[in-house]
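Structure first, commentary second.
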Amino acid sequence: MTAAAAATTAAVTAPAATAPVSLTPVFVRLKLSLLRNGLKGSSKRKAVWITTLVFALVVAFFTTLGLSLLNGHARAGTVVVLLAAILALSWTFMPLFFPTGDETLDPSRLVMLPLRPRPLVRALLASSLVGIGPLFTLCLAVGSVVAVARGAAGVAAAVVGAPLLVLGCVALARAVATANVRLLTSRKGRDLALLSGLLIAVGAQVANFASQRLFESGGLSQLEPAEAVVRWLPPATAVSMVDSVSDGSYGVAAAQLALTLGALVLLLWFWERTLTRLMVSPDGSTIAASGPVKERGAGGVWSLLPEGRTGAVVQRTLRYSVRDPKTKSAFVSALAIGLIIPVFNALQGSGSLYLACFGAGMLGVQMYNQFGQDTSAFWMVAQTISTPRDAYLELRARAFALGLVAVPYTVLVTAVTAALLGDWDGFPAALGLATALVGAMMCTGALASARFPYSIPTEGAFKNVVPGQVGLAWMGIFGGLAVSALICAPVIGLMIYLNVADHQGLSWIVLPLGVAWGVLATWAGLRLAAPTVARRLPEILLAVSKG
């Protein structure tokens with residue numbers, strides 16, 4: 001039993017002769033103790049926490065001040081209502097993507113304690129209001145209601161609206177986290193956390209695209225249709241209620257207040273029901289298998305792979321990309337970002353067909369540190385490598401597995417970009433250059449894997465290099481990118497010559513030449529890297545096993 005569980009047990013299992021102890025102050029003190037004890041014994045952790053607190057307070061202060069200055073502006077209601085919706089969405093999804101950020105999100109730790117669901121919900125809700133996140137949200141809520149509060153009635157409504165917004169956000173986060181706690185503590189939950197970087201990257205591009213469109217098409221007035229809908233969606237109704245009271249629309253404000261309170265009560269009821277089910281129902285670890293385990297054969301698409309070592313390595317590599325959380329995260333992020341950048345630029349009218357090379361480059365980076373992706377399991381692969389020939393076959397199969405994804409993906413990205421730009425005349429040349437880049441990066445990736453291997457830690461969603469090997473990672477990746485550009489120089493030079501000499505009609509020859517150049521570069525890189533891998537195998541094994 002953990003110290004937290006022991007403290008809670010001692011508090012709630014008091015002798016019968018004494019008065020029953022309220023859970024709420026116990027859990028609040030417990031949350032404060034967890035925060036305080038988490039900072040002991042680690043100056044680094046304490047510095048990170050203090051820095052985060054200071055940064056959050058500074059951002060909250062200036063944001064609250066900026067929102068307050070909107071008071072009296074015609075579009076103030078539009079801004080703060082949409083901001084409240086964004087806060088609610090953030091509180092909804094952040095626990096799913098960062099499940100280890102707050103260990104109190106896992107109520108299954110309390111299943112052995114004699115606690116009733118309703119008092120436990122009140123206690124957990126109160127303890128959830130302790131922390132940097134709730135404080136930051138409270139500051140934004142205060143700034144939002146101040147921006148739209150006018151007159152005595154508006155101020156009175158603001159006093160009610162700000163706490164309701166914070167309570168709605170926290171209750172929403174708790175209800176969603178409790179409903180998904182089994183997922184968050186499983187391998188799939190860790191996969192979801194690792195994919196949070198993808199969501200952030202996609203969200204950043206969407207926000208950038210939306211902001212540019214917004215300022216190009218008339219400013220905040222374009223958001224009014226969205227605001228008209230969002231103002232009736234809790235918990236944003238807590239802010240829109242203040243705006244309605246300030247405008248004298250008391251009937252509308254009453255309906256919005258009723259929606260806010262009703263949604264809060266419904267969330268608490270759902271949270272209680274989910275909590276009850278979680279604490280009394282068995283999980284998968286206590287239920288026997290319902291049927292025989294199906295044997296996994298080598299049929300299906302795997303039967304299309306060549307026999308021998310090549311087919312086995314390709315299958316292993318592709319399975320890693322689906323099952324290993326960090327490998328999966330790297331692949332999905334590369335696929336998504338590599339498509340988003342050229343497509344979004346094309347939609348904005350400022351893109352170039354050659355931005356499709358960005359997608360090719362994102363996947364080409366996956367060739368770097370091939371052995372580090374295996375982590376400590378690489379020792380099993382190392383047992384099968386004794387000659388440069390073995391190393392060559394291993395590297396060739398890994399490159400082939402990556403090519404099965406990279407080549408069709410490069411064709412897709414280039415075709416989509418060409419369709420959006422309406423530039424099908426430049427499609428062959430752009431695809432030829434992108435294919436040559438993939439081959440060049442496979443070449444340099446094989447060499448970097450042999451000369452600059454590093455270990456990828458198995459723990460930590462955002463830790464991709466173990467301490468002490470960051471320099472190796474930078475040398476391998478950035479050195480490889482520079483050399484890849486040099487390898488592609490002949491193809492780039494040919495394209496420049498055809499454009500300068502006004503021979504655009506012959507640009508189609510870049511496609512076959514680029515494909516041939518990429519294949520040649522890949523073959524040369526694998527041939528050069530294989531002897532190095534066979535010679536440095538003990539060093540590579542030691543380097544990739546440090547995580």
Side-chain angles (χ1 to χ4, degrees), residues 1-38 88 91-96 98-135 137-138 163-186 189 234-235 260-287:
M1 183 180 295
T2 63
T8 308
T9 304
V12 301
T13 58
T18 62
V21 178
S22 174
L23 284 181
T24 301
V26 172
F27 271 72
V28 171
R29 291 196 301 270
L30 178 61
K31 182 64 174 291
L32 292 173
S33 298
L34 289 173
L35 290 175
R36 183 177 60 253
N37 294 337
W91 273 93
T92 302
F93 291 107
M94 284 303 176
L96 297 179
F98 300 96
T100 58
D102 184 359
E103 59 183 1
T104 64
L105 288 174
D106 185 4
S108 62
R109 301 181 181 211
L110 307 173
V111 294
M112 300 301 293
L113 301 179
L115 304 174
R116 294 185 178 275
R118 186 161 298 176
L120 183 58
V121 165
R122 292 196 298 265
L124 288 174
L125 180 62
S127 64
S128 299
L129 297 173
V130 178
I132 298 177
L135 177 61
T137 304
L138 178 61
L164 284 179
L165 176 60
V166 177
L167 286 174
C169 290
V170 174
L172 186 60
R174 277 291 186 175
V176 172
T178 302
N180 294 277
V181 68
R182 295 272 167 81
L183 169 66
L184 300 182
T185 54
S186 66
T260 306
L261 294 175
L264 181 59
V265 171
L266 185 62
L267 276 175
L268 295 176
W269 173 82
F270 173 74
W271 184 8
E272 181 183 345
R273 288 289 302 272
T274 307
L275 190 62
T276 303
R277 185 169 62 251
L278 174 69
M279 300 185 76
V280 300
S281 62
D283 58 12
S285 63
T286 61
I287 302 176

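Computation of the quantities below employed the complete heavy-atom set of this structure, encompassing side-chain atoms and omitting hydrogens, waters and symmetry-equivalent molecules.
- The line from CG of Leu172 to OG1 of Thr92 is 3.5 Å long, rounded to the nearest 0.5 Å.
- Once rounded to the nearest 0.5 Å, the distance linking CG of Leu267 with CD of Glu272 reads 13.0 Å.
- Among all heavy-atom pairs drawn from Arg174 and Ser127, the shortest one is NH2-OG, 4.3 Å.
- Between Leu129 and Leu167 there is a side-chain heavy-atom pair separated by less than 4.5 Å.
- In this structure, Val170 and Thr137 have side chains that are not in contact, with every pair of non-hydrogen atoms separated by 4.5 Å or more.
- When side chains are defined from C-beta on, Trp271 counts as touching Val121, because their heavy atoms get closer than 4.5 Å.
- Annotation: side chain of Phe27 is not in contact with side chain of Ser128 (no heavy-atom distance under 4.5 Å).
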- Item | Worked verdict on Leu261 versus Leu164 for side chain to side chain contact (heavy atoms under 4.5 Å, CB included) | CA-CA 8 Å; Leu261 294 175; Leu164 284 179; 3.8 Å; yes
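- Across all their heavy atoms, Leu264 and Ala171 have their closest contact at CD1-CB, 3.9 Å.
- Here Leu120 contributes atom CG and Leu125 contributes atom CG; the two are 11.0 Å apart, rounded to the nearest 0.5 Å.
- Rounded to the nearest 0.5 Å, atoms CZ (Arg116) and CG (Leu275) are 13.5 Å apart.
- Of the inter-residue distances, the one linking Leu165 atom CG with Thr260 atom OG1 reads 9.0 Å to the nearest 0.5 angstrom.
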